[in-house]
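Shown next, in structure tokens, is the structure this report addresses.
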Amino acid sequence: MSRQIVSVVGGKEAAAVDTYESTNPARTGEVVARVGLADADTFAAACRTAKDAQREWAKVPAPVRGRVIASIGRLVEANAERLARLVTEEIGKPYAESLGEVREIVDTCDFFLGEGRRLYGQTVPSEMPDKNLFTFRNPIGVAAVITAGNFPVAVPSWYLVPALLCGNAVVWKPAEYAAASAHAMFQLFVAAGLPDGVLNIVFADGAETFGGLELALGEGSVQKVGFTGSSEVGRKIGELTGRHLQSACLELGGKNPMVIMPDAELDLAVEGALFSGFGTAGQRCTSLGTVIVHESVHDEFVERFARAVRESRIGDPAQDVLAGPLLDQKFADRYEEYLTWIEPHHKVVSGNIGKITEDSPHGDFDGGQGLFYHPVVVDGVKATDRLFLEETFGPIVGVTTFRTLDEAIELANLPGYGLSSSIYTTDPKHAFHFREGISAGMVSVNNSTSGAEAHLPFGGNGKSGNGSRQSGMWVLDQFTRWQAMNWDHSGRLQKAQMDVAEITPDLAFRLP
């Protein structure tokens with residue numbers, strides 16, 4: 001039987017105005033969960049509830065909040081296999097990847113549990129006597145967090161864990177098509193002892209979420225918005241928060257380049273391109289967009305890459321496969337559109353394109369009843385092509401060539417995204433020259449464009465985000481506000497920049 005799921009606000013189930021069926025994309029006839037969708041008013045009400053709960057939560061000492069984060073990590077660890085199986089069932093991610101995603105929640109908790117004892121401020125010297133200066137990190141208040149479903153539990157943890165640790169309350173709106181996974185994660189967080197209202201989960205469609213967010217910002221019950229999703233929606237959220245003088249933490253799309261230098265180890269580069277291009281069926285914000293290959297090794301690389309793609313295993317995500325199905329029917333429909341961007345001057349070197357069926361199998365796999373699509377490699381892509389310039393969320397990778405590293409960097413930056421990037425080379429000079437020139441927030445050397453670690457900053461620039469960073473110590477600046485304090489114990493009014501002692505130097509002095 002499928003699960004019945006509704007929003008939870010202040011520890012109580014909230015009313016629904018509509019129903020969404022979250023299905024298994026590997027077997028689309030299976031309903032994983034029937035999800036009650038809330039409206040804009042419910043979202044705004046959840047933000048008010050969070051505002052009330054946050055006041056008391058902020059009074060809990062930060063080291064104690066850190067112990068709650070530790071408990072979340074242990075609970076997730078104890079339930080890792082069950083949660084990973086649910087992720088695989090609901091979004092079709094291969095089980096090994098799902099297990100790795102759940103592990104990332106544990107890693108995030110392990111990192112931040114100690115930050116409860118390290119929310120340091122500073123004691124700053126004053127320019128005047130008998131006066132002390134201090135800085136403090138204060139929680140922002142309420143964070144509204146809106147996440148995509150391709151990483152239904154790992155990416156939300158990047159927001160939820162540090163936000164809660166810093167003393168904030170959260171209203172979390174996960175993707176409808178990943179609602180069961182999100183609800184299970186919510187239950188684990190609550191079981192760690194979070195007071196009612198400190199973490200709330202609201203299921204709603206995009207329009208109602210945006211309307212509820214607009215209401216909450218207008219009422220002053222939200223002080224931070226975290227959003228992971230498309231660049232198009234990210235722009236709208238950035239505009240909305242800006243109108244209310246609030247900032248958003250935006251983690252958006254990518255057109256992530258991989259540069260293959262003449263001295264690259266090609267087998268390693270092919271392995272990296274295969275995983276970053278087609279792992280999670282190419283449905284990561286860090287998925288490989290275009291391989292930019294030096295003309296001297298182009299033919300050999302393309303031949304090896306195409307062969308690896310043709311020989312890859314696509315299929316049941318519960319098995320040992322490179323990729324499973326696309327996340328949901330709406331992503332399959334969108335991917336079908338991307339395939340129309342293949343032009344006559346392109347050369348598909350990987351074999352069949354489109355949906356995997358009995359008439360168009362991938363190896364011995366006929367696609368069954370799922371949203372399975374052929375992995376596609378398109379050679380001959382030009383810098384003016386849509387396939388080169390725009391994000392293609394799915395299993396398609398373009399290939400183009402370059403002559404000089406400066407030309408490769410220019411091509412890599414041209415689409416205007418700036419999330420992840422990669423270069424394969426054995427020359428450190430090439431690696432550091434690439435790092436200096438690339439606009440991406442993340443750079444890999446001899447590694448794929450995908451693969452974040454919990455203690456490194458994650459985030460992009462340009463169309464990929466507004467420069468905000470998640471993960472590691474850097475995300476603390478998203479969920480705290482600096483407060484400066486000066487304490488004058490001189491017994492008199494000392495005016496900064498005015499009542500400052502001066503020591504006069506003899507600047508005319510010269511050595512004899």
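Count residues from 1 along the sequence.
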Pair Tyr20 and Phe203, ring centroids less than 6.0 Å apart: no
When you compare the side chains of [X] and [Y], does any donor N or O come within less than 3.5 Å of an acceptor on the partner?
{"X": "His433", "Y": "Asp406", "result": "yes"}
{"X": "Ser247", "Y": "Lys224", "result": "yes"}
{"X": "Thr28", "Y": "Gln329", "result": "no"}
{"X": "Asn413", "Y": "Ser439", "result": "yes"}

Search all heavy atoms of [X] against all heavy atoms of [Y] and return the closest pair with its distance.
{"X": "Trp57", "Y": "Asn168", "result": "CD1-O, 3.3 Å"}
{"X": "Gly197", "Y": "Ala169", "result": "O-CB, 4.1 Å"}
{"X": "Ala178", "Y": "Ser22", "result": "N-OG, 4.5 Å"}
{"X": "Thr42", "Y": "Ala14", "result": "CG2-CB, 4.0 Å"}
{"X": "Gly234", "Y": "Leu250", "result": "O-CD1, 3.6 Å"}
{"X": "Leu252", "Y": "Ser231", "result": "CB-OG, 3.8 Å"}

Counting N and O atoms only, with roles assigned by atom type, does the side chain of [X] sit under 3.5 Å from a partner on the main chain of [Y], one being a donor and the other an acceptor?
{"X": "Arg65", "Y": "Val60", "result": "yes"}
{"X": "Glu13", "Y": "Val8", "result": "no"}
{"X": "Ser464", "Y": "Tyr417", "result": "no"}
{"X": "Asn486", "Y": "Leu133", "result": "no"}
{"X": "Ser448", "Y": "Ser276", "result": "no"}
{"X": "Ser422", "Y": "Asn447", "result": "yes"}
{"X": "Asn256", "Y": "Ser420", "result": "yes"}
{"X": "Lys463", "Y": "Pro415", "result": "yes"}
{"X": "Ser71", "Y": "Arg67", "result": "yes"}
{"X": "Asn150", "Y": "Leu327", "result": "no"}

Note: [X]-[Y] ion pair, threshold 4.0 Å (strictly below):
{"X": "Glu214", "Y": "Arg243", "value": "yes"}
{"X": "Arg3", "Y": "Glu90", "value": "no"}
{"X": "Glu337", "Y": "Arg334", "value": "no"}
{"X": "Lys236", "Y": "Glu239", "value": "no"}

Parallel under 30°, tilted from 30 to 60°, perpendicular over 60°: which one fits the rings of Phe186 and His183? tilted
Between Phe393 and Phe331, how do the two ring planes meet: parallel, tilted or perpendicular, split at 30° and 60°? tilted
May I ask you to check whether over 12 heavy atoms, not counting those of [X], lie within 6.0 Å of atom [atom1]?
{"X": "Gln122", "atom1": "CD", "value": "no"}
{"X": "Glu232", "atom1": "CD", "value": "no"}
{"X": "Met485", "atom1": "CE", "value": "yes"}
{"X": "Gln187", "atom1": "CD", "value": "yes"}
{"X": "Glu410", "atom1": "CD", "value": "no"}
{"X": "Arg481", "atom1": "CZ", "value": "yes"}
{"X": "Phe136", "atom1": "CZ", "value": "yes"}

Does [X] reach the side chain of [Y], with side-chain heavy atoms less than 4.5 Å apart?
{"X": "Pro395", "Y": "Leu326", "value": "yes"}
{"X": "Thr286", "Y": "Phe458", "value": "yes"}
{"X": "Val161", "Y": "Phe189", "value": "yes"}
{"X": "Glu101", "Y": "Pro152", "value": "yes"}
{"X": "Leu419", "Y": "Thr449", "value": "no"}
{"X": "Arg74", "Y": "Val106", "value": "yes"}
{"X": "Ser471", "Y": "Leu456", "value": "no"}
{"X": "Thr480", "Y": "Cys166", "value": "yes"}

side-chain contact (heavy atoms from CB on, under 4.5 Å) between Tyr159 and Thr108, worked out: CA-CA 10 Å; Tyr159 293 104; Thr108 299; over 6 Å; no
With rounding to the nearest 0.5 Å, note down the distance linking [atom1] in [X] to [atom2] in [Y].
{"X": "Asn24", "Y": "Leu371", "atom1": "CG", "atom2": "CG", "answer": "9.5 Å"}
{"X": "Asn79", "Y": "Glu77", "atom1": "CG", "atom2": "CD", "answer": "10.5 Å"}
{"X": "Arg118", "Y": "Leu113", "atom1": "CZ", "atom2": "CG", "answer": "8.0 Å"}
{"X": "Arg469", "Y": "Leu476", "atom1": "CZ", "atom2": "CG", "answer": "15.0 Å"}
{"X": "Asn466", "Y": "Ile237", "atom1": "CG", "atom2": "CD1", "answer": "11.0 Å"}
{"X": "Gln246", "Y": "Thr241", "atom1": "CD", "atom2": "OG1", "answer": "8.0 Å"}

Of the options Ile201, Val76, Leu160, which is the one that meets Met185 in a side-chain contact (heavy atoms from CB on, under 4.5 Å)?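 Among the candidates, only Leu160 passes.
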Glu104 vs Ser157, test: side-chain hydrogen bond (donor to acceptor under 3.5 Å, both in side chains). Steps then yes/no. CA-CA 8 Å; Glu104 193 160 345; Ser157 76; over 6 Å; no
Is there a side-chain contact (heavy atoms from CB on, under 4.5 Å) between Lys255 and Thr392 once you walk through the steps? CA-CA 8 Å; Lys255 190 67 176 178; Thr392 49; 3.4 Å; yes
NZ or CZ of Lys173 within 45° of Phe227 ring axis and under 6.0 Å: no
Step-by-step side-chain contact (heavy atoms from CB on, under 4.5 Å) determination, Ile396 to Trp341: CA-CA 11 Å; Ile396 184 168; Trp341 297 357; over 6 Å; no
Does the side-chain contact (heavy atoms from CB on, under 4.5 Å) test come out yes or no for Ile146 and Val233, once each step is laid out? CA-CA 11 Å; Ile146 304 164; Val233 176; over 6 Å; no
